[in-house]
Amino acid sequence: MLQRLRSDASIDIDGRNNIFTLQAVNYWDGELCQRALGYGRDEVIRRLTGKVPRVEPLMDGVYVVFSDNPDLTFEEYCAYNDALKPVLGLV
């Protein structure tokens, strides 16, 4: 996956046009939502409501808590990425 992303000149994996990994807690502004997801914060909220511990509007973007477990294991981290990236259209 990473190799495919690196080979696509239109994608900057460290830039503002994609979301490569879902961290435990994220803030995505409106611009990043549009560039990386193709839709706005309200759609992010709609897609994640009931699936994550917390998702809410913040300023022009969205605040998302994918995990509130302070003892999160690597396997749990990978599991929520695998489960929720498709919900957001990231795979």
Side-chain angles (χ1 to χ4, degrees):
M1 172 86 158
L2 183 58
Q3 190 65 305
R4 181 181 62 81
L5 292 173
R6 285 187 174 148
S7 66
D8 186 338
S10 69
I11 296 176
D12 176 4
I13 62 172
D14 295 319
R16 304 240 335 125
N17 66 349
N18 72 81
I19 298 168
F20 182 67
T21 303
L22 306 177
Q23 301 300 325
V25 178
N26 298 266
Y27 170 75
W28 301 326
D29 68 12
E31 181 180 339
L32 180 61
C33 289
Q34 285 299 324
R35 285 185 180 180
L37 301 171
Y39 50 83
R41 74 168 185 191
D42 294 339
E43 180 65 12
V44 173
I45 293 168
R46 187 190 71 72
R47 290 180 184 217
L48 294 178
T49 296
K51 296 176 177 69
V52 297
R54 188 172 184 175
V55 58
E56 62 186 55
L58 180 63
M59 299 185 299
D60 75 328
V62 62
Y63 174 74
V64 184
V65 177
F66 285 101
S67 177
D68 55 3
N69 178 2
D71 299 316
L72 183 71
T73 67
F74 180 71
E75 290 76 18
E76 292 167 325
Y77 168 79
C78 290
Y80 78 70
N81 267 271
D82 291 343
L84 295 170
K85 278 183 164 185
V87 171
L88 293 167
L90 291 172
V91 284

Participant: Looking only at heavy atoms, what is the nearest atom pair of N81 and P86, with distance?
Facilitator: O-CD, 4.3 Å
Participant: Is there a path of hydrophobic side-chain contacts, each under 4.5 Å between heavy atoms of I/L/V/M/F/W/Y residues, joining L72 to V25?
Facilitator: no
Participant: With the side chain counted from C-beta on, respond yes when V62 and L48 share a heavy-atom pair under 4.5 Å apart, and no when they do not.
Facilitator: no
Participant: By the salt bridge (charged side-chain N to carboxylate O under 4.0 Å, His left out) test, which pairs, at least two apart or in different chains, include something from residues 43-65?
Facilitator: E43-R46, E43-R47, R54-E56
Participant: With the side chain counted from C-beta on, respond yes when L90 and L22 share a heavy-atom pair under 4.5 Å apart, and no when they do not.
Facilitator: yes
Participant: If hydrophobic clusters are built by linking Ile, Leu, Val, Met, Phe, Trp and Tyr wherever their side-chain heavy atoms come under 4.5 Å apart, do L32 and M59 end up in the same one?
Facilitator: no
Participant: Which residues pass the side chain to side chain contact (heavy atoms under 4.5 Å, CB included) test with Q34, not counting sequence neighbours?
Facilitator: none
Participant: Mind jotting down which residue pairs meet the ring-ring contact (aromatic ring centres under 6.0 Å, His included) criterion with at least one end in residues 27-66? Sequence neighbours excluded, please.
Facilitator: F66-Y80
Participant: Do V52 and V65 belong together in a cluster built from hydrophobic side chains that touch within less than 4.5 Å?
Facilitator: no
Participant: Whether the side chain of K85 engages the backbone of T21 through a donor-acceptor N/O pair (distance < 3.5 Å, no angle test) should be reported.
Facilitator: no
